Amino acid sequence: MRLFSWWIRRALGAAATLVGVSILVFLALRAMPGGFAETILGPFASEEQQRELAQRYGLDDSALAQYWLWLQAALGGDFGTSMISQEPVADELSSRLPVTGQLAVMAVLAAVFIGVPLGVLTAVRARADGGGTVGRLLSGLGVSLPEFVLGSIVVFLFSRYALGLSVGGYVPFGDDPAANLRAMILPAAVLSVFAISATARTTRDAVLNVLVEPYVTAAVARGESPAFIIRHHILRNAAAPVVVLITTITAYLLGGAIIVEYLFNLPGIGSYVVQAVGRRDYAVVQAGVLLAAAVFIVLNVVADLLVGLIDPRLGVTATGRQT
Amino acid sequence: MNPFLVVDNLAVDYEAPDRRVRALDGVDLTVEPGETVGIVGESGSGKSTLGSAVGRLLPQNAQSVAGTMSVDGEEVFGLSIGGMRRLRRERLGFIFQDPIGSLDPTKRVGAQLKLALRGRGSAPDVARHLERVKLPDPRRVARAYPHQLSGGMAQRVAIAIAMASEPELLVADEPTAALDSQVRDDVLSVVFTLAAEAGSGILWLSHDLAAVGRRCARVAVMYGGRVVEDGPAAEVLARPAHPYTDALAGSAPAAAAPGERLQPVPGRPPVLTGPSPGCAFADRCRFAVQRCAVERPRPVRVRTQDVLCHRAAELAESGALAAHAPPPSRMAPVPVPVGEETT
Amino acid sequence: MVAAFGSMANLGGDPAELAGARLQPPSPEHWLGTDHLGRSLVPRLLEGVGVTLLLSSIAVLATAVLSTALGILAGYAGGALNDLVMRLVELLYAFPSIVLAILVAAVVGPGRPAAMAAIVLVTIPLMTRLVRAASAAVSQRDYVTSAIVSGVRLPKILVRHVLPNVSGTIAVQGTYALSVGILVEGGLSFLGLGVQPPQASLGVLIQEGGVYMVAAPWLIIAPGVVLILAILSINVVGDGLRDRFEPRETRSLR
Amino acid sequence: MSGEDGHPGGDVGAGPPVLELDEVSVVFSSGLFRREHVHAMRDVSLRIEPGETLGVVGESGSGKTTTGMVALGLQRPTSGAVRFEGVPGVAKRRRGLAGSIQVVLQHPQWSLDPRMRVGDSVAEPFGAATHRTRNEGDVERDRRVGAATHRTRDVGAAEAVRVMLEEVGLEPSFAERYPHELSGGQRQRVAIARALITRPRFVVFDEAVSALDVSVQAQILNLIKDLQAEFGFSALFISHDLGAVRYVAHRIAVMRHGEVVETAETETFYANPSHEYSRQLLEAL
């Protein structure tokens, strides 16, 4: 019963956030230079197009009514028309989604399969006197390497010297998987550095917190081996913050992908949005931002779902004095 | 029969960034197979460190700096990692203070018990082990997560897990301190009954002199990292031979008769940074003489007790230490007749 | 500190001066070489570091003030105020940092105000969450309860008891926020949406260097390394502060 | 309010009870649609006479801590009335009552602000109380708070702190120390000094000695008894430790599942507890 009502609250909260995000995005849209019509249609729209828009979004109506119409359109997948291509933004986004998605998935996989073991290892090996310093420095360096620096350097090295991989030359995975992976591995690697390091750091913290729990001491006292204790008692108990981080990172990767796609010239959503900002193609920016925020909110709910499955105690946090 | 546990002049230090704290300052103790021993001490007396040291479960910043400790002839601090693990697995058992915390929150009780049975446990086995600790409806308990249990139930589960391997010595570190007084007795009965059935010895660490005296055959009182008095429970309680034991018994409010004023021990327990130069209790002791502050006392025999006090023999003779009401008989909870005072 | 970063921009000569030939490699005269307009990179880099740090510190200072106020109030009061603040924070948190920064730049228009606003909006949710949690914990402590019972006024309780006891969290998170701020400024300027040339910032320099990467790699390596070192050293300071304010036990599994 | 005889006997009936709880219930609800209700207190009626210590015992979850919070005005009753010196409501009169009601809580490590010197911690309630005195020009309170208000406030506070530290058995030099330099027992002494510096008429001790070592616990229990004899405050002494409650309280209330199952004079309780549950508690002692 408690669980059920907790879930309903969580879902309502996520929905509220999503509405809040859409209001923010809508307000931003209206605040932009050129106004609403230009933002949606671009500056070169015909009179007829403008009339049609005014009718469709009720530009003479109250702001609330306009928001409602805009929201309905957005929910129906209508994000307006790109100023540059004069194509509907939604079509362009959906054709570019696979590239960004693939990048994010590759980076997340790296975070899970490299970052998590690294974090567990450095935590279990950590000592009071600071023996884990090397691992800590490495992961500290990793989170300090921004994509635009690391990416620039990688692009430079691989385009100047023959290092076996080339920059650019994106091919859809369905057309030629090998060529696709060759083109994607460098950008994904650049994107992964932060994800791996952040995951390793969070995992390390989480495992260190679990290591001092009485049930771990109890397991040691029963004569269990470290491998046994890690497998049966530590991994699951340390998983919750790592799951939350990885979902957060997935959303962050959508942001990082913007820079990586821009650098490696990949036809993903990120490079599309950056170009759009440069050309003041605002309808595209709006759609991209809304999409990223929506993905993040959905991922957050997924993370909560997973955490609920991992830890049967649903988190009750301290909320100040109730006097 | 050889003693199962022999602690000889054991000293353990904790290394903090800015200082070194001595937790054990030369502990002597022996526990015979199957013997029930209560270690009584206040916080900082070193009893928990001693309990952890038995299983070499000390925190990383602790190290033994002197003395030896052997379990059935095997030197604990000299064992290989594998040897130590085997010792813990096959011969030692532990119960801790925080019952719910010592169970894995993400695993059902049955699954945890099964792990402790090392995969040999079928569902009926699990139920049988839960039944032995007098848990009602064992099947339902097996399906529960630890946070769904009360403290008393969780501690029973922890006992079932610890006793599953029938250890030769069960170390119980304040196993009832976090429980309501109502369930304490029941939980202790379970521990002592199971241990008696399995022939396990018990090392029960507690701050409650009277409670320990009711259950254990022997009581060792710790102060300042040493065992200052060690003897049969009834004797130690009724006729303490060390001034600290006497003071401790006199300061428990539960023992005070109506209108009687408590006799607190002045000052506070010491924090040692190295070996104590004399008796650690000297500056709180109303019998202290100059010698007490500068010379470490050696064990002396007073009646049935081994005592670390320069003036023990003299005090025993003069009757300066109060005689306390005799403890109620051991093992059974004592029915209190209406209208009579409790101790 | 702010003044120091500000004056740093004026050290090492005039960054706009066309000091030599274009795209020259490092030499005794120009230690880090010259850029595509023939400007020496040393003064440019100093200006860039100064601008980036100045901008980020001011923004993080604003964040610290706002987050501390919001976090302490929400953490102490709990209830409806807490829910409201946390809902707002979650709303901002829902935007990935660079996405939020781009949105800000799109609305405000590219430039320094956009970069600062973006840093504030990106760091506020991170910091407010943790200050709130710390403040909620402190508010439950016995000394706060006894101060309330004694009739001590609320503002005094917040300033004398809660604030000093969450200051460790504020220091740690402020440090991390500074490194996030530098990242956001760098990323935004790199995309051409933050600081605008000819003014230098680390992001601007890296972006310019990227264009001439093949011909003049030193142009990107120097600012890149400086940026990485800046973030790394700030993070190390943050880790150190955290170890001090939130010390942690370690255990072995053996 | 006589302090000399140290027992409430002479005072009972001299004025209205210091604190009265009249059929107080507290219900906590949770859940969104099907709300679950937990009765932390169920029709609890208690009365504390001037100079009297009422002990409250019970297991965890029996509602004894909630009772303390209600008495302090930190928890609003769902139903029922709370009267302090005959006048209803405590929370709303907090400023007016500043210094009249104090509390000593459980955790020695959190009883004092770790960032404040001991002297400042002890002086804090004094400041709040003298402030009030000035605002309202309450001559009677002036006298009670001490000569301090006649001088400048800081000098007065420093002197009051010195006197109070002495009362709880600590040297004046402790005022300069920080809490982390003190032992648990010393911190509880400071917490008591802090509570008594305003000469309160009513003090709640919520598990105030539970976290202390046995040998130190006795010191604090004696200190509480002695100070009560000296200052004559009324007290609510809440503890799960029947031994401690029995030692300091004049009367004892036994709580279980949010209800008071028995209230009796301590001597009667020692000799002849009437409720079955009280007998069980005594046995477990």
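Here the structure is a predicted model, which is why all the values come from computation and not from measurement. Quick note on labels: first sequence line is chain A, next is B, and so on, each numbered from 1.
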Handout entry: Side-chain heavy-atom pair Ser144(A), Ile234(C) within 4.5 angstrom cut-off
Key = no
Practice task
Can you sort out the partners of Phe245(C) under ring pair (Phe, Tyr, Trp, His ring centres under 6.0 Å), two or more places apart, ordered by chain and number?
Solution key: none
Problem - Heavy-atom contact with chain C under 4.5 Å, split by part of Leu150(A) - result: neither
Practice task
Give a yes or no on whether Arg231(A) atom CZ has more than 12 heavy-atom contacts from other residues, nucleotides or ligands under 6.0 Å away.
Solution key: yes
Problem - Toward chain C, the part of Ser225(A) with a non-hydrogen atom under 4.5 Å - result: neither
Completion exercise
If one checks every heavy atom of Ile297(A) against chain C at 4.5 Å, the contacting part turns out to be side chain
Problem - Engaged part of Leu299(A) at the chain C interface, taking heavy atoms whose separation is under 4.5 Å - result: neither
Practice task
Find out whether Phe95(C) and Leu24(A) are in side-chain contact, i.e. whether some heavy atom of one side chain is under 4.5 Å from a heavy atom of the other.
Solution key: yes
Fill in the blank from the handout: Residue from Ser179(C), Gly192(C), Gly186(C) scoring the most non-hydrogen pairs under 4.5 Å with chain A is Gly186(C)
Exercise for the section: Using non-hydrogen atoms and a 4.5 Å limit, figure out which bit of Leu183(C) sits close to chain A: side chain, backbone, both or neither. Expected result: both
Problem - Shortest non-hydrogen separation from Gly20(A) to Leu91(C) and the atoms involved - result: C-CD1, 3.3 Å
Completion exercise
Under 4.5 Å to a heavy atom of chain C? For Phe148(A) that would be both
Handout entry: Side chain / backbone / both / neither for Ile231(C) at chain A, heavy atoms under 4.5 Å
Key = both
Problem - Asp243(C) versus chain A, the contacting section by heavy-atom distance below 4.5 Å - result: side chain
Handout entry: Student check: side-chain heavy atoms of Asp239(C) and Arg201(A) closer than 4.5 Å
Key = yes
Exercise for the section: Measure Val289(A) against the heavy atoms of chain C and call it side chain, backbone, both or neither at under 4.5 Å. Expected result: both
Completion exercise
Checked Asn209(A), Ile234(A), Val216(A), Ile229(A) vs chain C; the most non-hydrogen pairs under 4.5 Å come from Asn209(A)
Problem - Flag side-chain contact, heavy atom, 4.5 Å: Val149(A) against Phe190(C) - result: no
Handout entry: Ile98(C) and Glu147(A): CA distance, side-chain angles, deciding distance, side chain to side chain contact (heavy atoms under 4.5 Å, CB included) verdict
Key = CA-CA 12 Å; Ile98(C) 202 77; Glu147(A) 288 88 14; over 6 Å; no
Handout entry: Which portion of Ser97(C) sits near chain A, non-hydrogen atoms under 4.5 angstrom
Key = side chain
